[in-house]
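Written below as structure tokens is the structure these notes are about.
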Amino acid sequence: MRLERSYFEDKTYRVAQSLIGKVLVRYIDFFGKYQKLTGVITETEAYGYTDDPASHAFKGKTLRNEAMFGEVGKLYVYFIYGNYFCLNIVAKSRDTGAGAVLIRSVEPLEGIGLMKIFRKTNNISNLTTGPGKLAQAFKITKKHNNLDIGDKKNNNHIYIEDSSPLSRYHNFIVVESTRIGISTGTDKKWRYLMRVKNLSHYQFLSSAFLSKSS
DNA sequence: CACCCGATTATCT
DNA sequence: GATAATCGGGTGT
């Protein structure tokens, strides 16, 4: 089941936490062939508004961050460190002006061959384990800023699904911690990570996640 | 494995 | 002119 817009209308940190175990889906036209890329979301962070000095929205609306102030269920994609893109989904409760969830890591499921090409690596355990890396693996760039993933009429090539081999087992827990890569707002525990309870249920996965969890 | 550092450029002040 | 919600390569343990 594809997540609808209403899913993203809640406190940002709650959406961030609940996205763990969901599946990022991306269809891409690769030399005329329609290819599917998917991955289980294993790490997220929430970024708020005036309550959160680490958030791009903290000081108000600018050209870069305007998506964070817009409709929930749209993407906020920004360029960072001269090289990388970071994928966020706008999420906030109705009475909040801005907020988004940063997708920090996924576990690759489908389209791994194509991800390797986009990442220019054969190392499967290094494909999508970081915000810059997963944007590269899924070929997500600033072109996708403001893309609406909350309504299939507006786009049918990037969205999030509620079903996956992992979420079906429900054999994972979500742990929280402080966010990383920031210098302010370091007290907030708005980083969420998937940890599996029973590794034997996850042998169909082959990448970094298993070695990290064991 | 842990830490350190340089790359590289859009965006903001 | 400075900074950045990162990454990968290098060095040392």
Side-chain angles (χ1 to χ4, degrees), chain A residues 8 11-17 19-20 24 39 41-70 72 74-92 96-108 115-147 149 158 160 174-194 207-214:
Chain A
F8 303 98
K11 287 186 185 294
T12 309
Y13 70 87
R14 265 194 236 161
V15 178
Q17 183 176 38
L19 281 178
I20 300 296
L24 177 65
I41 297 172
T42 55
E43 180 181 351
T44 62
E45 280 178 1
Y47 286 90
Y49 185 22
T50 50
D51 58 332
D52 181 12
S55 173
H56 288 173
F58 181 64
K59 291 179 183 166
K61 197 193 282 190
T62 66
L63 221 54
R64 175 176 68 163
N65 68 18
E66 61 152 351
M68 287 185 78
F69 292 79
V72 299
K74 287 189 167 186
L75 298 185
Y76 169 44
V77 182
Y78 65 87
F79 186 67
I80 191 77
Y81 292 109
N83 259 329
Y84 305 101
F85 295 97
C86 290
L87 170 66
N88 298 253
I89 299 145
V90 179
K92 63 203 182 200
T96 304
V101 176
L102 172 68
I103 309 296
R104 287 195 59 88
S105 189
V106 307
E107 177 71 22
M115 293 183 197
K116 285 178 173 173
I117 294 172
F118 296 150
R119 288 274 296 122
K120 301 190 203 300
T121 179
N122 277 317
N123 184 358
I124 191 171
S125 65
N126 199 25
L127 273 185
T128 54
T129 51
K133 292 189 243 183
L134 77 88
Q136 204 169 49
F138 279 74
K139 221 175 175 52
I140 288 169
T141 68
K142 220 184 143 212
K143 280 189 299 193
H144 303 106
N145 191 38
N146 269 310
L147 183 73
I149 70 163
I158 300 181
I160 296 177
V174 180
V175 299
E176 60 177 33
S177 75
T178 55
R179 297 169 294 177
I180 59 179
I182 54 172
S183 52
T184 56
T186 47
D187 54 319
K188 290 181 163 42
K189 292 188 168 178
W190 283 354
R191 179 181 181 221
Y192 301 95
L193 301 114
M194 175 189 281
S207 96
F209 185 67
L210 288 179
S211 51
K212 264 200 311 190
S213 288
S214 54

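Numbered from 1 within each chain, the chains take letters A, B, ... in sequence-line order.
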Atom-pair distance ([atom1] on [X]; [atom2] on [N]), nearest Å:
X: N83(A); N: dT11(B); atom1: CG; atom2: P; answer: 14 Å
X: F85(A); N: dA5(C); atom1: CZ; atom2: C1'; answer: 15 Å
X: E45(A); N: dA5(C); atom1: CD; atom2: C1'; answer: 6 Å
X: Y84(A); N: dA5(C); atom1: OH; atom2: C1'; answer: 14 Å
X: I180(A); N: dA5(C); atom1: CD1; atom2: P; answer: 12 Å
X: F79(A); N: dC7(C); atom1: CZ; atom2: C1'; answer: 13 Å
X: F58(A); N: dT3(C); atom1: CZ; atom2: P; answer: 18 Å
X: N126(A); N: dT6(C); atom1: CG; atom2: P; answer: 15 Å

Given dT6(C), dC12(B), dG8(C), the nucleotide with the shortest approach to the side chain of T62(A):
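From the listed options, dC12(B) comes nearest.
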Might you point out which heavy atoms bring Y47(A) and D52(A) nearest each other, and give the distance in Å?
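Nearest heavy atoms, Y47(A) then D52(A): CA-OD2, 3.5 Å.
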When we call it a touch if two heavy atoms are under 4.0 Å apart, what does [X] touch: a base, just sugar-phosphate, or nothing?
X: G82(A); result: base
X: I182(A); result: sugar-phosphate
X: Y47(A); result: base

Pair assignment for dA5(C), Watson-Crick or G-U wobble, requiring both distances under 3.5 Å:
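Its partner: none found.
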Does the structure show a Watson-Crick or G-U wobble partner for dC1(B), both distances under 3.5 Å? Name it, or say none.
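Across all strands, the one nucleotide that pairs with dC1(B) is dG12(C).
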So, OP1 or OP2 of dT6(C): does either fall under 4.0 Å of a side-chain N or O from R104(A)?
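Yes, such a contact exists.
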Taking 4.0 Å as the cut-off, does a side-chain nitrogen or oxygen of R119(A) come that near to OP1 or OP2 on dG8(C)?
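Checking R119(A) against dG8(C): at least one side-chain N or O falls below 4.0 Å of OP1 or OP2.
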Do the side chains of I180(A) and R104(A) get nearer than 4.5 Å, heavy atoms only?
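SC-SC contact between R104(A) and I180(A) confirmed.
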By nearest nucleotide on DNA chain B, pick out whichever of K142(A) and Y81(A) is the more 5' one.
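Comparing both residues, the 5'-ward one is Y81(A).
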Would you please indicate if the ring centroids of F69(A) and Y49(A) are separated by under 6.0 Å?
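Ring centroids of F69(A) and Y49(A) are less than 6.0 Å from each other.
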Going through the distances and angles, do V72(A) and V15(A) end up as a side-chain contact (heavy atoms from CB on, under 4.5 Å)?
CA-CA 11 Å; V72(A) 299; V15(A) 178; over 6 Å; no
Give a yes or no answer on whether the side chain of N88(A) reaches the backbone of A100(A) with a donor-acceptor pair at less than 3.5 Å.
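Checked: no pair found.
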